[in-house]
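Because the structure is predicted, anything quoted here is derived from the model rather than measured. As the structure lists them, so they are numbered: ligands from 1, and atoms in each ligand from 1. By convention here, the first residue in the shown sequence is residue 1.
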Amino acid sequence: MKKLFAVLGNPIGHSMSPVMINDLFSFYNIDAAYLPFQVKEVDLHDAVKGLKALGVSGFNVTVPHKSKIIPFLDGIDELAANIGAVNTVVYENGQLIGYNTDGPGFLKGLNAFLPKITDQKVLIIGAGGAARAIYLTLAKENPLVLNIANRTIEKAWELIKECPYSVFSSACSFEEASESLGEYDLVIQTTLIGMSPKINEQPFPLNKIRNQTVFCDIIYNPLETQFLQEARLNGASIQNGIDMFVYQGALAFEKWTGIFPDVERMRDNVLKQLGGRTC
Ligand code: NAP
């Protein structure tokens, strides 16, 4: 019987996951379908119960339900519990178990640039949901320093205080981050600045850039934010958010099927979907 997979979000029409995942099912000859469902918060519990009753094999969860879904699942793994958000659910032995592949997906994509972040000095810009997943994933990798710069510094301190892993971290303002930029080996931009309607903005100027530093921006639309453009023009290595998106999907696919898929194929698929609407 055809297996059912889904993604729940609101809105959901813009999601690139259905085309990306259905292409993998056909590539690997798996008789399955992955469908998008727009679900209001008030209907989330019923939607989860319905999917379970229908015998769903697994599903993704996206904005704004990543945290709100947790009480409706039968269990979640340790990293997802610490992050407080689930983006992948697997139906295992009659139970819906939640995982978070956003942080691990970022790390796996990053490894092409920086094979190890152990002993590296890292700055994360932003302290929202995506930053939280990345911070808690990287905190387990023994960086030398893992600092957070955020507009609302209190949110950065909250994240640092809640971290159950031992890591040297401090919170700072954008001004302080800009001044100390040359100290970092890796800088990861996770705020909304650089996306529409703020495509001509960046969190702070990169005057103190060091060209050995790797700069990542988890935004993938536009493919090169102003932040990345300035870093590249100053000679730094840069990475956009496509890898994080592709690898979080690849890790979800692996959890559902046992196959770690062809990420180059996934990347091409996403770039094709972005074609013509990259800002
Ligand atoms: P979020 O939870 O709403 O967090 C937003 C962050 O942006 C906060 O740190 C917020 O600072 C900051 N921010 C927003 N507007 C700002 C402004 N005008 N000036 C300064 N700071 C501002 O969002 P999220 O879910 O973490 O998503 C963040 C970005 O990551 C989005 O662009 C999203 O598309 C992208 N993302 C990419 C992937 C991927 O796979 N590549 C996955 C997830 C998310 P305050 O705390 O001060 O409000």
Side-chain angles (χ1 to χ4, degrees), residues 7 9-12 14-17 20-21 60-69 80 83-88 99-110 112 123-138 147-160 162 171-178 187-205 215-228 238-253 263 266-267 269-271 273-274 277-279:
V7 55
N10 189 15
I12 199 64
H14 66 287
S15 173
M16 293 188 289
S17 295
M20 180 175 80
I21 300 291
N60 283 131
V61 187
T62 188
V63 177
H65 301 319
K66 287 184 183 185
S67 301
K68 288 164 193 141
I69 196 142
I83 293 170
V86 160
N87 77 324
T88 300
Y99 298 89
N100 190 305
T101 68
D102 282 330
F106 173 79
L107 180 61
K108 231 173 155 49
L110 175 69
L123 173 70
I124 297 177
I125 307 169
R132 194 177 171 85
I134 292 171
Y135 177 80
L136 289 165
T137 303
L138 299 191
N147 288 346
I148 306 175
N150 197 41
R151 173 178 64 178
T152 315
I153 298 192
E154 299 74 36
K155 280 201 207 161
W157 278 119
E158 261 169 49
L159 177 47
I160 290 168
E162 284 168 24
C172 63
S173 66
F174 286 171
E175 292 71 26
E176 289 166 321
S178 180
V187 178
I188 306 157
Q189 196 309 103
T190 73
T191 74
L192 307 180
I193 307 172
M195 275 180 83
S196 179
K198 295 184 184 301
I199 52 168
N200 295 318
E201 296 177 30
Q202 60 191 67
F204 49 78
F215 283 78
C216 301
D217 195 322
I218 66 166
I219 291 171
Y220 50 78
N221 192 4
L223 289 170
E224 189 175 275
T225 56
Q226 184 167 301
F227 174 82
L228 285 190
I238 61 165
Q239 184 184 43
N240 66 22
I242 295 274
D243 281 322
M244 176 176 176
F245 179 72
V246 163
Y247 277 95
Q248 64 75 31
L251 291 171
F253 190 84
V263 286
M266 296 172 77
R267 194 195 316 275
N269 189 303
V270 170
L271 286 171
Q273 290 192 62
L274 283 171
R277 55 178 186 93
T278 54
C279 65

Peer 1: Examine ligand 1 and decide if any of its atoms is less than 4.0 Å from a heavy atom belonging to Phe174.
Peer 2: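 Contact check Phe174 vs ligand 1: positive.
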Peer 1: Would you check if Thr225 and Gln202 make a side-chain contact, meaning some heavy-atom pair closer than 4.5 Å?
Peer 2: no
Peer 1: Using the side-chain hydrogen bond (donor to acceptor under 3.5 Å, both in side chains) definition, which of the options Asp102, Asn87, Asn100 pairs with Lys66?
Peer 2: Asp102
Peer 1: Under a 4.0 Å heavy-atom limit, does Met244 contact ligand 1 with its side chain, its backbone, both, or neither?
Peer 2: both
Peer 1: Between Asn60 and Ser17, does any side-chain donor sit less than 3.5 Å from a side-chain acceptor?
Peer 2: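 Not at all, the side chains of Asn60 and Ser17 share no donor-acceptor pair under 3.5 Å.
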Peer 1: Quick one: does atom 3 (O) of ligand 1 have a protein heavy atom under 4.0 Å from it?
Peer 2: no
Peer 1: Taking only heavy atoms of Ile193, which atoms of ligand 1 are found under 4.0 Å from at least one of them?
Peer 2: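 It comes down to these atoms of ligand 1: 17 (C), 19 (N), 20 (C), 21 (N).
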Peer 1: Which of the atoms of ligand 1 are close to Lys198, meaning less than 4.0 Å from one of its heavy atoms?
Peer 2: 18 (N)
Peer 1: Taking the side chain as every heavy atom from C-beta outward, state whether Val187 and Phe227 have any atom pair closer than 4.5 Å.
Peer 2: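 The answer is yes, as the side chains (C-beta and beyond) meet within the 4.5 Å cut-off.
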Peer 1: Is it the side chain (CB and beyond), the backbone, both or neither of Arg132 that lies under 4.0 Å from ligand 1, heavy atoms counted?
Peer 2: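 Neither; nothing of Arg132 gets under 4.0 Å from ligand 1.
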Peer 1: Identify, by atom number and element, the atoms of ligand 1 in contact range of Gly126, meaning under 4.0 Å from any of its heavy atoms.
Peer 2: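 Atoms satisfying the 4.0 Å criterion: 9 (O).
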Peer 1: For Asp102, state whether at least one heavy atom is located under 4.0 Å from any atom of ligand 1.
Peer 2: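 Under 4.0 Å: no for Asp102.
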Peer 1: On a heavy-atom basis, which atom in Gly126 and which in Ile148 lie closest, and how many Å separate them?
Peer 2: O-CG2, 3.3 Å
Peer 1: Any idea which protein heavy atom is nearest atom 28 (C) of ligand 1, and the distance to it?
Peer 2: Thr190 O, 3.1 Å
Peer 1: Among all protein heavy atoms in this structure, tell me which lies nearest to atom 16 (C) of ligand 1, with the distance rounded to 0.1 Å.
Peer 2: Arg151 NH1, 3.5 Å
Peer 1: Would you name the heavy atoms of Ala80 and Val86 that are closest together and state the gap between them?
Peer 2: CB-CG2, 4.1 Å
Peer 1: What protein heavy atom is closest to atom 46 (O) of ligand 1, reported as residue, atom name and distance in Å?
Peer 2: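 So the nearest neighbour among protein heavy atoms is Asn150 ND2, 2.8 Å.
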Peer 1: Report the member of Leu192, Ile125, Val63 with the shortest heavy-atom distance to atom 14 (C) of ligand 1.
Peer 2: Leu192
Peer 1: Under 4.5 Å between any side-chain heavy atoms of Tyr247 and Met244, yes or no?
Peer 2: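 No - every pair of side-chain heavy atoms lies 4.5 Å or more apart.
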Peer 1: For atom 26 (O) of ligand 1, what is the nearest protein heavy atom, given as residue, atom name and distance?
Peer 2: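 Ranking protein heavy atoms by distance from atom 26 (O) of ligand 1, first comes Ala130 N, 2.8 Å.
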Peer 1: Looking only at heavy atoms, what is the nearest atom pair of Val7 and Ser15, with distance?
Peer 2: CG1-OG, 4.4 Å
Peer 1: What do you reckon, does Ile219 have a nitrogen or oxygen under 3.5 Å from a nitrogen or oxygen of ligand 1?
Peer 2: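 Not met; the criterion fails.
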Peer 1: Checking a contact table here: which protein heavy atom is nearest atom 32 (O) of ligand 1, and how many Å away?
Peer 2: Met195 SD, 2.7 Å
Peer 1: Would you call Val270 and Met20 a side-chain contact if the rule is heavy atoms closer than 4.5 Å?
Peer 2: yes
Peer 1: For atom 36 (N) of ligand 1, what's the nearest protein heavy atom and its distance?
Peer 2: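 Heavy-atom neighbour on the protein nearest atom 36 (N) of ligand 1: Ile218 CD1, 3.6 Å.
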Peer 1: If I apply the N/O under 3.5 Å rule, does Ala131 come out as touching ligand 1?
Peer 2: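 Min N/O separation from ligand 1 is not below 3.5 Å for Ala131.
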Peer 1: Find out whether Phe106 and Cys216 are in side-chain contact, i.e. whether some heavy atom of one side chain is under 4.5 Å from a heavy atom of the other.
Peer 2: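 A side-chain contact exists here, since the closest heavy-atom pair is under 4.5 Å.
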Peer 1: Check whether any side-chain heavy atom of Leu274 sits under 4.5 Å from a side-chain heavy atom of Ile242, and report yes or no.
Peer 2: yes
Peer 1: Nearest to atom 45 (P) of ligand 1, what protein heavy atom do you find, and at what distance?
Peer 2: Thr152 OG1, 3.5 Å
Peer 1: Among protein heavy atoms, which sits nearest to atom 6 (C) of ligand 1, and what does the distance come to when rounded to 0.1 Å?
Peer 2: Thr191 CA, 4.0 Å
Peer 1: So is Glu201 touching ligand 1 or not, going by heavy atoms under 4.0 Å?
Peer 2: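 Heavy atoms of Glu201 never come under 4.0 Å of ligand 1.
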Peer 1: Does any part of the side chain of Trp157, heavy atoms only, come nearer than 4.5 Å to the side chain of Asn150, both counted from C-beta?
Peer 2: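 A side-chain contact is absent here, since even the closest heavy-atom pair is not under 4.5 Å.
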Peer 1: Output the list of atoms in ligand 1 that are nearer than 4.0 Å to some heavy atom of Lys155, sorted by atom number.
Peer 2: 45 (P), 46 (O), 48 (O)
Peer 1: Identify, by atom number and element, the atoms of ligand 1 in contact range of Tyr220, meaning under 4.0 Å from any of its heavy atoms.
Peer 2: 39 (C), 41 (N)
Peer 1: Return the orientation label for the Phe204 and Phe174 ring planes: parallel under 30°, perpendicular over 60°, tilted otherwise.
Peer 2: tilted
